[in-house]
Structure formats: C-alpha cells, structure tokens
Amino acid sequence: MSQLLSNLILATMTEGYGLIPDAAVVIEDGTVAWAGPRAAIPGPYDRLPPIDLGGRLVTPGLIDCHSHIVFAGDRAGEFEMRLNGASYEEVARAGGGILSTVRATRAASEAELLAQALLRADQIIASGATTIEVKSGYGLTVADEVKMLRVAREIGRRRAVTVKVTHLAAHAVPPDYKGRARDYIAEVAMPSLKAAHAEGLVDAVDAFCEGIAFQPDEIAPLFHLAKELGLDIKLHAEQLSDLKGAVMAARMGAMSADHLEYLGPDGIAAMAASGTVAVILPGAFYTLREKQLPPIAALRAAGVPMALATDCNPGSSPMTALTLTMNMACTLFRMTPLEALQGVTLHAARALGLADRGVIAAGKRADLAIWEARHPAELGYRIGATALHTRIFGGHLDA
Ligand SMILES: [Zn+2]
C-alpha cells in the first residue's frame, strides 16, 4: 500500500535541517519510498491521491533516548517540603528521595506500574516521539528489576511507539547493601540482567557512575557480562563529579554517555575516538539548579554527536516533553536549534543504535512528526507548548 503526503515543508535532517520548502513524501509498507520536492514526484507515485498536509512542517518522529518512566508514586510532596524550607536530611527522614520511589515501585503490581507508565509515555508521544528508551532501576532486587523491564517492554505493545528497554539495576545501592556496592553488582545487578535477558527483555545495559552510586571498577564486571550477552552498553556519567566514567564507557565501546556536566577533556577525547554519543539532559540540570554546564563547545569542537532526552524520572526530571527539552538545551546550554533537533532525531537514533530512523530518506522507517510550524527553529523556541499536529508511526497516521 502506497501513500503520498503532499503540500508540506520537509526537514529531512540528512544534512543540516535538509529543508525542502514545497515537498512530498511517498510511504510504502511502513517505509519512506521517496522524499523530495513536490514538483519532482517520480512516476508512478505522481498518480497517487495526495494527502494534503496544509503546508505544515514535517520532521522525523522524535526519539527520547533516555527515560525512567516506569515507577510508582511521585515526589511532588517532597518537592513541596523542600520549597517550604526542609533540608535534604529532613526529606530523607520523612521517607523521601529515591528510596521512596523504590518502596512504591516494589509494592506496585505490573498492572499498576504499566498504567502509570502509559500516562507518561502518552505525554512523551504527544510531544512528537515515535521512539522511547525506557530504563529499569527502581526495583533493586532481581524480581523487581525484571518486573520493571517486563512493564517497559509492554509499553511498546500497547502504544504506537518503539520502546528500547534498558537494564539499569546498577542505579542505586539499596540500604541492605550499604557499603557493599560490589556485592550488589554480583548478587542483584548481574543475576537480574541474566534473568531478564533470558526473557528477551533487555536491549541495552546502563549504570549510574557517581560517588553516591557506583565506581567505574564496580560497573566493569556488569558491562563485561552485557557484552558477553551481545548487549549494548551506556552510562550515566559525570553528572555531579568527574569519576572518569565516560572514559571507561567509551573504551568499552559504549553507545552513549549521559549527563556529562563534569566531563573533562580526557572523556571528550575518549568519546570522540569511540564514536560514543553524548546524551545531554537539561531537565535534571534545571531541576537540581546545577551550576556546572556540560562542555557543549568542547564536544562540538571534538565532533562528538550530541543527543537530547527528557530523562523523565520522579526525582530530578519530571519532564515529559521533548520540545521543552529542546528549549532548555538551547537556552541553558546554548545549543543551536539545529543541534537541538539533531539531538532528538538522528543523534538520538545513533545513541540507541537504530540505523533505520532519525532522518527522512528512502529506505528509512516512516516515523514522522507533523507540526503546526513552518520552520524547525520554532520547535525549540516555544516554551512548554507542544506544536505537534499529528504523527505517522511506521506508515500509520495517528487516529
Ligand atoms: Zn537517567
């Protein structure tokens, strides 16, 4: 079955924006068969009845390459406590922080977790996403991590969106393993990875490399296991300090290193050499009122591809709009509107190892976002509002 989309402004993202002012796109069997100027539609496609898009902007479907949308409860109460003057210690004593999310997630059934995660997935989809990466990491037991991964996988079966599932049992050291991070990796993180992989639930493996979580040498055995299982690796690195996590991850061939506020020149050089994508997460920077800016100019100069993501999570980034993420990246980090859009299209695709999407070209998946806009710079320029008109997912127009 073939469809001809016509009367649109196309940003193919193949070279810069790849703008074609009066364009058409032919879709066949869920794939882009042809894209170019409306005046040059080749036969026999020129005889198809056109679907008129009213001169709207069309971009690749957006890709959220870093999210934690599976969790129970929320942390709005803690947010309010802190703004009323409570210290972090008082919040922790009142049962707040990541462990409150862990408790709620452990107590929730798969059905409850799925219902809450779908609400968040729908919000990300409503900001133009056709692909979302979803991590575990609030279970912190073998059974609860596998439960989270099952829920993450199920999101892609319930919604018109591709879900890439990431194992993140190495997210935090639970209280019963306090001071024994290495034991936690051996007794929970690695067994949960093996169990989830056996169920086909894992596409990639991630870890949180930080003073409050895991050191590079503690994470290495987990990453070696991931590679033995044929899985991609990625790392939360250099968010609050420079532990050289990105250097370790890049040397092991990581697809991405994420956050990176404290990334140093050695990390940038290692990432450039390995082709590791820098995933920039302005939502957490904004929420934590961080002062240390990620080294955008140095990453740009080194030619490291930069992706952007919501990092949607209950503690440090309760954000579900990719367009707001783009705005924050431009305003807070001085990324250009072109870099912001590349960050949620082709570079995000690369961060997930997906070669079939992120640009609009013959042979790529027909995942498209259609906007109430005329130029791509409008997407990151607007604050908060989502200009999405509709999406096409695998050739299917949203109902
Ligand atoms: Zn994260």
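Side chains of Asp398 and Ile392 form no contact here, defined as non-hydrogen atoms less than 4.5 Å apart. Here the side chains of Val202 and Leu149 are in contact, with some heavy-atom distance below 4.5 Å. Within the 4.5 Å cutoff, the side chain of Val205 has heavy atoms near those of the Leu222 side chain. Counting heavy atoms from C-beta on, the side chains of Leu354 and Lys164 come closer than 4.5 Å. In this structure, Ile98 and Tyr138 have side chains that are in contact, with non-hydrogen atoms separated by less than 4.5 Å. Residues Leu4 and Ile51 form no side-chain contact, since every pair of their non-hydrogen atoms from C-beta on lies 4.5 Å or further apart. Looking at heavy atoms from C-beta onward, Ile124 lies in side-chain contact with Ile69 at the 4.5 angstrom threshold. Side-chain contact between Met306 and Gln342 is absent, with no heavy-atom pair separated by less than 4.5 Å.
For the salt bridge (charged side-chain N to carboxylate O under 4.0 Å, His left out) condition, the pairs that include at least one residue of residues 230-245, sequence neighbours left out, are Glu133-Lys234, Asp242-Lys244, Lys244-Asp266.
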**Request:** List the steps, then state whether side chain to side chain contact (heavy atoms under 4.5 Å, CB included) holds for Met328 with Leu324.
**Result:** CA-CA 6 Å; Met328 287 181 177; Leu324 180 57; 4.1 Å; yes
**Request:** Take Leu140 and Arg106 through the test side chain to side chain contact (heavy atoms under 4.5 Å, CB included) and record every step on the way to the result.
**Result:** CA-CA 9 Å; Leu140 310 184; Arg106 285 177 179 176; 3.7 Å; yes
**Item:** Full working for salt bridge (Lys or Arg N to Asp or Glu O under 4.0 Å) between Arg158 and Glu154
**Value:** CA-CA 6 Å; Arg158 302 291 182 99; Glu154 189 63 23; 2.8 Å; yes
**Request:** Might you work through the salt bridge (Lys or Arg N to Asp or Glu O under 4.0 Å) test for Asp217 and Arg182, ending with a clear yes or no?
**Result:** CA-CA 9 Å; Asp217 64 318; Arg182 212 172 292 276; 3.0 Å; yes
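Thr320 and Gln123 are linked by a side-chain donor-acceptor pair at a separation below 3.5 angstrom, with hydrogens and angles left out of the test. Residues Tyr184 and Glu218 bring no donor and acceptor atom of their side chains to less than 3.5 Å of each other. Looking at Asp206 and His167, their side chains never bring a donor and an acceptor atom within 3.5 Å of each other. Side chains of Ser67 and Asp64: a donor-acceptor N/O pair is absent below 3.5 angstrom, by distance only. A donor-acceptor contact closer than 3.5 angstrom links the side chains of Arg75 and Thr101. Side-chain contact, Ser256 with Asp258: a donor N or O sits under 3.5 Å from an acceptor N or O. No hydrogens or angles considered: a donor-acceptor pair under 3.5 Å links the side chains of Glu372 and His389.
His236 and His259 have tilted rings, their planes meeting at an angle from 30° to 60° on a 0 to 90° scale.
Leu193 and Val151 fall within a single hydrophobic cluster, where Ile, Leu, Val, Met, Phe, Trp and Tyr side chains are chained together by heavy-atom contacts under 4.5 Å. Val32 is not connected to Ile9 by any chain of hydrophobic side-chain contacts under 4.5 Å among Ile, Leu, Val, Met, Phe, Trp and Tyr, and they are in different clusters. Linking Ile, Leu, Val, Met, Phe, Trp and Tyr whenever their side-chain heavy atoms come within less than 4.5 Å leaves Val161 and Leu397 in two separate clusters. Transitive grouping of hydrophobic side chains (ILVMFWY, heavy atoms separated by less than 4.5 Å) keeps Leu168 and Val277 in distinct clusters. With hydrophobic clusters built from ILVMFWY side chains whose heavy atoms lie under 4.5 angstrom apart, Ile360 does not share a cluster with Leu338.
Salt-bridge formation is not detected for the pair Lys364/Asp356: no Lys NZ or Arg NE/NH1/NH2 atom is positioned less than 4.0 Å from an Asp or Glu carboxylate oxygen. In summary, Arg300 and Glu339 engage in a salt bridge, as defined by a charged side-chain N under 4.0 Å from a carboxylate O. Salt-bridge formation is not detected for the pair Glu378/Arg374: no Lys NZ or Arg NE/NH1/NH2 atom is positioned less than 4.0 Å from an Asp or Glu carboxylate oxygen.
Taken from OG1 in Thr105 to CE in Met148, the straight-line distance is 5.5 Å, to the nearest 0.5 Å.
Cation-pi geometry between Arg120 and Phe71 is met: under 6.0 angstrom from the ring centre, within 45 degrees of the axis. Geometric assessment of Arg365 against the ring of Phe393 yields a positive cation-pi assignment under the 6.0 Å and 45° thresholds.
Among all heavy-atom pairs drawn from Gly128 and Trp371, the shortest one is CA-CH2, 4.1 Å.
Here His375 pairs with Tyr17 under the ring-ring contact (aromatic ring centres under 6.0 Å, His included) rule; sequence neighbours left out. With sequence neighbours excluded, no residue satisfies ring-ring contact (aromatic ring centres under 6.0 Å, His included) with Tyr262.
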